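Just so it is clear, the structure is predicted and the values come from calculations on it, not from any experiment.
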2 protein chains.
Amino acid sequence: MAKTSTPSRERIVTGAADMISRRGLSATSIREMAKHAKAPLGSTYHYFPEGKQQLATEAVRHTGDQVARSLRQELKAGPAAGLNAFLALWRKVVADTDFHAGCPVLAVAIEEPPADEVPPALEAAAEVFEQWEGLLADSLREHGADAEQAAQIATLIVAAVEGTVAMCRAKRSTEPLDRTAAQLQALIADALGG
Amino acid sequence: MAKTSTPSRERIVTGAADMISRRGLSATSIREMAKHAKAPLGSTYHYFPEGKQQLATEAVRHTGDQVARSLRQELKAGPAAGLNAFLALWRKVVADTDFHAGCPVLAVAIEEPPADEVPPALEAAAEVFEQWEGLLADSLREHGADAEQAAQIATLIVAAVEGTVAMCRAKRSTEPLDRTAAQLQALIADALGG
DNA sequence: TTCTGGCTATAACGCTTGTCATAGCCTAAC
DNA sequence: GTTAGGCTATGACAAGCGTTATAGCCAGAA
């Protein structure tokens, strides 16, 4: 017999990712995450005994994997298609939430770590960026770009999209995303065409 | 007799900008801002009667103007020089703080506003981005780019640098900035050369 | 049926938060 | 010397924070 819809643990993770993508990590309380997932507060500490950091880490990894899956799928049709999917994905997030949500990975990436320590959530954010870049770079190389150029373009794409999403939120407009999209598309066409 | 170095009010604003660039807005308390500026808590509410939002707004505008001034100066030598200055500026921030600080404007831009309301600090962030883009776009147009392309490249530069700074913090490395720099430089050369 | 163990409910802990109010200092004008 | 006013000092307020502890429920195995 199937469980009633989504299991609690998973709901907490996806809900946490959603809230972090809106408010940032430190502005999101565990109590609110629990309420948002319709789970009792006690359950969060049952499933995530290390507390907020663990929950944040899993939330980052969750969206990281989700985006990576979509990216991997679309990249089968080439780097340009992958880029377009990546752009469309974040455009949808921003537009569907009336410019309230962005990328939870970025949100976690800009939280200051304690001195001489690297919190697991920050480490996870670095790994997610690396993963996305890797997928894009691989595809670019497979389509004729040399290794260094592929790596540079991949980094530029991830960074530009992340930054653009933030700009869209501030301006409450998707126009920055249109502009960035045009330039990145041209850049890929150029790199693979020449 | 001259006052002891910087006046209190200014110290509070620059200190607030610094703290916000590290921890984000909501993780930075007014008490800590006051302490960081060696000012009494009461003074923050004396100088900024609207409280935290006003302080954040002024902090955003402060760094916005500061960066704009530097950008305007360096753009006199052309868009490529301006880009390089912009890159160097943020590389220094990230490197000098051991990857603890980033851009306070981005930090404010990704804070969720209350529904149906636009906090002044968020509005200020949008204006700062617009200002930086405008400076870059003007320079690009003056050097031969057509209006649309200039606007697109300007947006891409600001977004990419903002995103890259965040990636550098997550990875604790300036390599993303190197890669982004190479691509953006090539892009400008291309746009003005063709 | 009894028992086990995953999950929940509830309350509490010490601490920090944004903000406000009140009283006081202490310099500068008159 | 007196007076005004910008700034500071101090403390309080209600609310929220992350986290822990304890006791209880309630399905499935024995």
Side-chain angles (χ1 to χ4, degrees), chain A residues 1-17 19-20 22-60 104 107-108 111-114 117 119-122, chain B residues 1-17 19-20 22-60 104 107-108 111-114 117 119-122:
Chain A
M1 175 185 67
K3 290 289 288 295
T4 73
S5 72
T6 331
S8 211
R9 206 198 122 102
E10 191 178 319
R11 272 202 333 266
I12 296 175
V13 172
T14 62
M19 298 196 72
I20 292 171
R22 296 167 182 267
R23 320 219 242 240
L25 177 51
S26 60
T28 305
S29 76
I30 294 204
R31 271 173 254 254
E32 285 174 321
M33 295 193 216
K35 185 171 291 183
H36 184 272
K38 291 191 207 317
L41 173 60
S43 293
T44 60
Y45 282 95
H46 174 76
Y47 290 119
F48 311 96
E50 260 115 290
K52 200 181 187 181
Q53 267 296 319
Q54 184 185 0
L55 191 33
T57 305
E58 299 213 18
V60 166
V108 167
E111 297 264 336
E112 186 176 39
E117 197 182 331
L122 183 59
Chain B
M1 175 182 67
K3 289 290 287 297
T4 71
S5 72
T6 332
S8 212
R9 204 198 125 102
E10 190 178 319
R11 271 201 335 266
I12 296 176
V13 172
T14 61
M19 297 196 72
I20 292 171
R22 297 168 181 267
R23 322 223 246 243
L25 178 52
S26 59
T28 305
S29 77
I30 294 204
R31 270 172 255 256
E32 285 173 321
M33 295 192 216
K35 184 171 291 182
H36 184 272
K38 290 190 208 314
L41 173 60
S43 293
T44 60
Y45 281 95
H46 175 75
Y47 290 119
F48 312 96
E50 262 115 290
K52 198 180 187 181
Q53 267 295 320
Q54 183 184 359
L55 191 34
T57 305
E58 299 214 18
V60 166
V108 166
E111 298 265 335
E112 186 176 40
E117 198 182 329
L122 183 59

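At least one donor-acceptor pair under 3.5 Å links the side chain of A:Arg11 to the backbone N or O of A:Ala37.
In this structure, B:Ile30 and B:Tyr45 have side chains that are in contact, with non-hydrogen atoms separated by less than 4.5 Å. Proximity of A:Met33 to A:Leu55: side-chain heavy atoms (C-beta onward) are separated by under 4.5 Å at one or more points. Within the 4.5 Å cutoff, side-chain heavy atoms of A:Val13 are placed close to those of A:Phe48.
Where pairing requires Watson-Crick or G-U contacts shorter than 3.5 Å, the helical stems of DNA chain C with at least three consecutive pairs are C:1-6 with D:25-30, C:8-23 with D:8-23, C:25-30 with D:1-6.
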Using a cut-off of under 3.5 Å, enumerate the N/O to N/O pairs linking the protein to nucleotides 12-22 of chain D.
{"unit_1": "D:dC17", "atom_1": "OP1", "unit_2": "A:Ser29", "atom_2": "OG", "d": "2.8"}
{"unit_1": "D:dG18", "atom_1": "OP1", "unit_2": "A:Lys52", "atom_2": "NZ", "d": "3.0"}
{"unit_1": "D:dG18", "atom_1": "OP2", "unit_2": "A:Ile30", "atom_2": "N", "d": "3.0"}
{"unit_1": "D:dG18", "atom_1": "N7", "unit_2": "A:Arg31", "atom_2": "NH2", "d": "2.3"}
{"unit_1": "D:dG18", "atom_1": "O6", "unit_2": "A:Arg31", "atom_2": "NH2", "d": "2.9"}
{"unit_1": "D:dT19", "atom_1": "OP2", "unit_2": "A:Tyr45", "atom_2": "OH", "d": "3.1"}
{"unit_1": "D:dT19", "atom_1": "OP2", "unit_2": "A:Lys52", "atom_2": "N", "d": "3.0"}

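Applying the salt bridge (Lys or Arg N to Asp or Glu O under 4.0 Å) test to B:Glu58 and every residue at least two apart in sequence or in another chain returns B:Arg9.
Taking OG from B:Ser8 and NZ from B:Lys38, the interatomic distance works out to 11.5 Å, rounded to the nearest 0.5 Å.
Nearest heavy-atom pair across A:Glu32 and A:Ala27 is OE1-O, 3.9 Å.
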